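Before any comments, here is the structure.
This is a predicted model, so every value here is computed, not measured.
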Amino acid sequence: MKKKLMALLAVAVMLVFVLAACAPKTDNTPTQTPGEAEATPAPSDEASGDADGGEILIGSIQDLSGAMAVAGKMTTWGVERAVADINAAGGINGKTLKVVTYDCKLDPNEGVNAYNRLVDEGAVAIVGPALSNIGIPIAAVSEEKKVPFVGQFMDERATINEQTGEVWNYMFLAEPSCLQQAQIMANYSVTELGIESVGILYDSSNAYAASHAGPFQDYVESKGVEVVGVETFGADAKDYKAQISKLMAKNPDGIFIPNYVNTNALAYVQARQLGYEGYIIGNNTYTPPFTTLVEGTPIEDLVFLFNLDMDSGNTKEITEAYREEVGEEPAFNIAFGYDDVMIIANALKNVSDVTDTVEIADYIENNTKDVETASGTITLNPETHRPIGMGAYVADYDAEGNINLIGYYLPED
């Protein structure tokens, strides 16, 4: 009888929540943490961590159906793996960590809608994608909603308000920024490749691409390298041959192409089809499915940035787990998702109230020091909300199409 009464009370409480829910919902479809029947549409106080032994809800926003879906799905795997590991080790001070993921579809509006929806559903922190075009518009919204957002949006404008020069209080980056990664590739191009002239080709509508192009140009010019031209195109463009031909006419030693993977692949193939034989210099999105997208075109004289050695250090364990579970070779995005959750979990374990999102953000800002993640230990700079002393690898492809790590480099900044 007591069980029946409790069940009726639970139904009544749920009806109250349903009737009270007046905020419009987006059409984003949540994914589930392994073992869940479905994502909770409106968690109760217990689900948000109010009661001992309850659940703590975190959100995740990833591209699961757009042009960066391969990376988004790997990041999602890393998020879910971290949550599973944390729960297997006892959770957050006895509470279970739960994640609900929404697809941003590589669309800024969808990203903002997903962030708002997760906040409304009671998420106390949110994992963000490796997409600056998503992170930048959410930054201003996060100041109002006050829920921390931890991700790989590398454009500095996602962590620093360019109008005030101050940090966005709830935005945190867990990898080197666009400036830092562009500096690494520029430095390598000058000191190791020995380039004396270079062209630049990028999507001007992509904040991530634009935030690589400027710092790269500034750095190489400061070292006496001639930038023979900067060519751009829009988001819907598929043919870049006119722009590439203009650059080729100046006979540069290399062309820097820092876009998302589909665009990079198109540009690479078109440059080689036009007969360009110099270096193609890239950012960190020349990873799978790049080799599939350029199939039939030999991969030669291509150097690009790769964040991690997947088979060493802390990364090795989750790399092996991914291979066993999925049966494929992972990219470093699996570590991205894992890292973001571990930074959030470090704060949740140490704050006095796991529902106080302001306290959680403050802890992430000031106390993310040597936090163990899949990428190693991460320390965030409170003045920038970006990692301190974190570098990346420069890589190329071998004759069999495997990624070869050339060396690990730290940014000058």
Using distance alone, with no hydrogens and no angle criterion, decide if [X] and [Y] have a side-chain donor and acceptor under 3.5 Å apart.
| X | Y | answer |
| --- | --- | --- |
| Asp396 | Asn404 | yes |
| Gln62 | Asp103 | no |
| Gln180 | Glu412 | no |
| Asn346 | Tyr363 | no |
| Asp203 | Asn259 | no |
| Ser211 | Glu156 | no |
| Asp339 | Thr373 | yes |
| Glu329 | Asn402 | no |
| Tyr338 | Glu80 | no |
| Asn116 | Asp120 | no |

Notebook entry, point to check: In Å, rounded to the nearest 0.5 Å, how long is the span from CD of Glu365 to CG of Asn169?
Noted result: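 Answer for the CD-CG pair, Glu365 versus Asn169, is 6.5 Å.
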
Check: Going by the angle between their ring planes, with limits at 30° and 60°, are Phe290 and Tyr397 parallel, tilted or perpendicular?
Finding: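 If you compare the ring of Phe290 with that of Tyr397, the planes turn out parallel.
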
Notebook entry, point to check: Aromatic rings Tyr208 and His212: how do their planes relate, parallel, tilted or perpendicular, breaks at 30° and 60°?
Noted result: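 Plane angle over 60°, so perpendicular.
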
Got a sec: does the [atom1] of [X] have more than 12 other heavy atoms crowding it under 6.0 Å?
| X | atom1 | value |
| --- | --- | --- |
| Asp236 | CG | no |
| Gln273 | CD | yes |
| Glu192 | CD | yes |

Check for a donor-acceptor pair, side chain of [X] on one end and backbone N or O of [Y] on the other, with a separation under 3.5 Å.
| X | Y | answer |
| --- | --- | --- |
| Trp168 | Arg157 | yes |
| Asp63 | Ser65 | yes |
| Lys98 | Glu55 | no |
| Gln181 | Leu305 | no |
| Asp370 | Thr377 | no |
| Tyr276 | Pro252 | yes |
| Asn133 | Pro108 | no |
| Thr159 | Leu173 | no |
| Asp301 | Gly278 | no |
| Thr357 | Lys146 | yes |

Heavy-atom pair of closest approach, residues [X] and [Y]:
| X | Y | answer |
| --- | --- | --- |
| Leu131 | Phe153 | O-CB, 3.7 Å |
| Glu175 | Asn284 | OE1-ND2, 3.6 Å |
| Leu179 | Pro215 | CD1-CB, 3.6 Å |
| Ile126 | Ser60 | CG2-N, 4.2 Å |
| Leu201 | Leu247 | CB-CD1, 4.3 Å |

Next item on the list: Give a yes or no on whether the ring-centroid distance for Phe332 and Phe306 is below 6.0 angstrom.
Entry: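 Judged by ring-centre distance (under 6.0 Å), Phe332 and Phe306 do meet the cut-off.
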
Notebook entry, point to check: How about Tyr170 and Phe149: are their ring centroids closer than 6.0 Å?
Noted result: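 No, the ring of Tyr170 stays outside the 6.0 Å limit from the ring of Phe149, centre to centre.
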
Checklist line | Sequence-distant partners of Asn314, side-chain hydrogen bond (donor to acceptor under 3.5 Å, both in side chains), two or more places apart | finding: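 Counting only residues at least two positions away or on another chain, Asn314 forms a side-chain hydrogen bond (donor to acceptor under 3.5 Å, both in side chains) with Glu372.
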
Next item on the list: Take Asp311 and Arg323 through the test salt bridge (charged side-chain N to carboxylate O under 4.0 Å, His left out) and record every step on the way to the result.
Entry: CA-CA 11 Å; Asp311 287 300; Arg323 287 171 179 155; 2.9 Å; yes

Next item on the list: Go through the steps for Ile281 and Ile255 under the test side-chain contact (heavy atoms from CB on, under 4.5 Å), then give the verdict.
Entry: CA-CA 6 Å; Ile281 303 163; Ile255 301 177; over 6 Å; no

Check: Does a side-chain heavy-atom distance below 4.5 Å link Thr368 with Thr379?
Finding: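 Side-chain contact under 4.5 Å: no.
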
Check: Considering only heavy atoms from C-beta outward, does the side chain of Asn187 approach that of Tyr219 to under 4.5 Å?
Finding: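 Result yes, sub-4.5 Å side-chain heavy-atom pair found.
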
